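Encoded as structure tokens, the structure appears first; notes follow it.
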Amino acid sequence: MEIDLLITPEWIITVDSGNQVLRHHTIVVDNSRIVALMPTSEAEKHYTPRQTVALPQQAVLPGFVNAHTHVAMSLLKGLADDLPLMDWLQHHIWPAEAQWADAEFVYDGSQLAIAEMLRSGTTCFNDMYFFPEATAQAVMESGIRACIGMIMIDFPTRWGSGAAEYIQKGLALHEQLQANPLLTTAFAPHAPYTVSDDPLQQVRHLAGEHSLPIHMHVHETAFEVQQAIEQSGMRPLARLAQLGLLDQHFLAVHMTQLTDDEIALLAQTGTHVIHCPESNLKLASGFCPIAKLTAAGINVALGTDGNASNNDLDMFGEMRTAALLAKAVAQDASVIPAAQVLRMATINGAQALGLDAEIGSLEIGKSADMIAVDLGTLEASPLYDPVSHLVYCTSREQVTHAWVAGKALLENRQLTTLDSTAIIAKARHWQQKIGATP
Ligand SMILES: CSC[C@H]1O[C@@H](n2cnc3c(O)ncnc32)[C@H](O)[C@@H]1O
Ligand SMILES: [Zn+2]
């Protein structure tokens, strides 16, 4: 039988429900999907591939799902470091965005980020930023998969004048992107301290009507919670619950401040938690208790946040930081083992975005969104357990290939749809413009 592609790596890390690791097996891809995972000897007998890829040193695994980011902020990477969240946002990032974040900035920043993500093994990201149509354009040209945020914030920005315009522009984009199988949309109200009740109710109503996720920064810092209590007598999560927002379509990002009752509420409502450990550490925001959340049955996925608070979009780094930090926070070395943190970076992110029937694991019928990682290096030797190495001992430079819907977007570390030289030149151009500002 003629098919598109046979990939034969040393290991196939399926991230299926049994966390199977297969050796001497081949991935059979046709028409953008995985049609079989079978012993190599059988695959060679049964199929006539249009392309064969032998990866004798590599592990092939599902591409990472970066479940929270602001990709265009890559152009602000390193602009304002070593500051706490509100100082960083109010005195550095928001003024820079007011001055620079137009459609061209967002398009160029998104391209830069997509190139970095593909070279780090990310094949899907969940974004929240101004000019989402410019990010969507960069996504479509690159071939990566993304969920594009329809933002909501109480103040006017360069992208919109207020709630009515944010909703109108967001829904227009949602309609426009419906035909594209690699693009989905979510509502993205910024945070409880920047979005008031009325627009949040509109978002809840529209998200229900269109069956879309809602993606929001929540309980990022103790200051956020304290300020809300002083102003309204309520903790932000309680307010969101009262507004009817918490359910299996709600992605609560950060969540560093949680009582046991709040953990029970998240579990009961099926709310997803997106953990951004490196951003939380860099802004000294706090610690999300992911071992407790996981034990309570809450779906925890991983995000990098934007490049201005991380300062990279490296899901290998995020996995390692998440695993190590969870052990320190729980004071228990046995929590969040490697296989679990790999699930957080793949299938759990897919689940949070409602895409788990399509991506997040290597299983028959799913889209062929995969990466290959070289584990034959000196640094990876000896190797007793490939999953352990992927989490505790691999750096992103070991990613050799990335496919989205069966299309190779990275081959032997070369981007196939993006021009790295042009992307670097544009980033330096922005650096000169932004860096020259007094
Ligand atoms: C409404 S567009 C997104 C908005 O969010 C800002 N942002 C980036 N990182 C964070 C964070 O960790 N907490 C809160 N807000 C953040 C970004 O600069 C945009 O203004
Ligand atoms: Zn964020």
Side-chain angles (χ1 to χ4, degrees), residues 13 15 61-71 73-74 77-78 81-85 88 113 116-117 119-122 125-126 217 219-221 251-258 272-295 298-349 352 371 373 379-380 385-399:
I13 318 286
V15 196
L61 57 144
F64 297 129
V65 178
N66 185 343
H68 174 68
T69 187
H70 315 271
V71 287
M73 293 184 83
S74 286
K77 172 170 54 192
D81 290 331
D82 313 318
L83 296 161
L85 176 72
W88 176 78
E116 177 183 353
M117 287 190 287
R119 281 164 56 85
S120 323
T122 293
F125 65 95
N126 181 32
H217 300 104
H219 285 204
E220 184 167 1
T221 61
L251 284 68
V253 182
H254 293 301
M255 288 300 203
T256 72
Q257 312 296 315
L258 281 167
H272 307 272
V273 170
I274 313 302
H275 180 38
C276 302
E278 294 194 352
S279 175
N280 292 345
L281 285 167
K282 186 160 185 283
L283 301 170
S285 298
F287 308 110
C288 176
I290 62 167
K292 272 189 177 182
L293 298 182
T294 305
I298 295 161
N299 181 47
V300 178
L302 279 188
T304 57
D305 216 342
N307 231 327
S309 64
N310 187 304
N311 295 356
D312 61 41
L313 305 177
D314 176 3
M315 290 289 282
F316 282 99
E318 219 63 38
M319 283 200 298
R320 190 178 337 186
T321 304
L324 302 186
L325 188 62
K327 295 169 197 309
V329 168
Q331 297 190 39
D332 180 352
S334 72
V335 303
I336 313 292
Q340 186 150 13
V341 81
L342 181 60
R343 296 186 75 81
M344 288 167 51
T346 53
I347 189 71
N348 292 10
I371 59 170
V373 182
E379 290 78 6
D385 174 355
V387 174
S388 163
H389 267 16
L390 287 169
V391 172
Y392 293 119
C393 157
T394 296
S395 61
R396 59 178 166 173
E397 289 76 20
Q398 288 163 250
V399 176

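This one's a predicted model, so the numbers in the text were calculated from it and none came from an experiment. In this chain, residues are counted from 1 in sequence order.
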Nearest heavy-atom neighbours spanning [X] and [Y]:
X: Gln398; Y: Thr394; value: OE1-CA, 3.7 Å
X: Leu390; Y: Phe316; value: O-CD2, 3.4 Å
X: Ala301; Y: Ala67; value: CB-CB, 4.0 Å
X: Pro277; Y: Leu325; value: CB-CD2, 4.0 Å
X: Leu302; Y: Met315; value: O-CE, 3.7 Å
X: Glu278; Y: Asp312; value: OE1-OD1, 4.0 Å

Does some side-chain heavy atom of [Y] sit less than 4.5 Å from a side-chain heavy atom of [X]?
X: Phe64; Y: Thr346; result: yes
X: Cys288; Y: Leu293; result: yes
X: Cys276; Y: Val253; result: yes
X: Leu258; Y: Lys292; result: no
X: Val399; Y: Arg119; result: no

Would you check if the distance from the ring center of His217 to the ring center of His219 is below 6.0 Å?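 Here the rings of His219 and His217 have centres that are no less than 6.0 Å from each other.
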Please step through side-chain hydrogen bond (donor to acceptor under 3.5 Å, both in side chains) for the pair Asn307 and Glu116, ending with a clear verdict. CA-CA 10 Å; Asn307 231 327; Glu116 177 183 353; 3.0 Å; yes
Leu313 vs Thr69, side chain to side chain contact (heavy atoms under 4.5 Å, CB included): CA-CA, chis, key distance, verdict: CA-CA 8 Å; Leu313 305 177; Thr69 187; 3.9 Å; yes
Output the distance between atom OG (Ser388) and atom CG (Leu342), rounded to the nearest 0.5 Å. 11.5 Å
Under the side-chain contact (heavy atoms from CB on, under 4.5 Å) test against His275, which residue among Thr321, Ile290, Thr256 passes?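 That would be Ile290; it is the only one of Thr321, Ile290, Thr256 passing the side-chain contact (heavy atoms from CB on, under 4.5 Å) with His275.
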The side-chain contact (heavy atoms from CB on, under 4.5 Å) partner of His254 among Thr221, Leu85, Asn280, Leu283 is Asn280
For Gln340, check side chain to side chain contact (heavy atoms under 4.5 Å, CB included) against everything at least two apart and list the hits.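 Gln340 satisfies side chain to side chain contact (heavy atoms under 4.5 Å, CB included) with Thr294, Ile336, Pro337 only.
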Return yes when atom OH of Tyr392 has more than 12 non-hydrogen atoms of other residues, nucleotides or ligands closer than 6.0 Å, and no otherwise.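 Enclosed: over 12 neighbouring heavy atoms sit under 6.0 Å from OH of Tyr392.
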When you check the gap from the basic side-chain N to the acidic O, do Lys282 and Asp81 get nearer than 4.0 Å?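 Salt bridge: yes.
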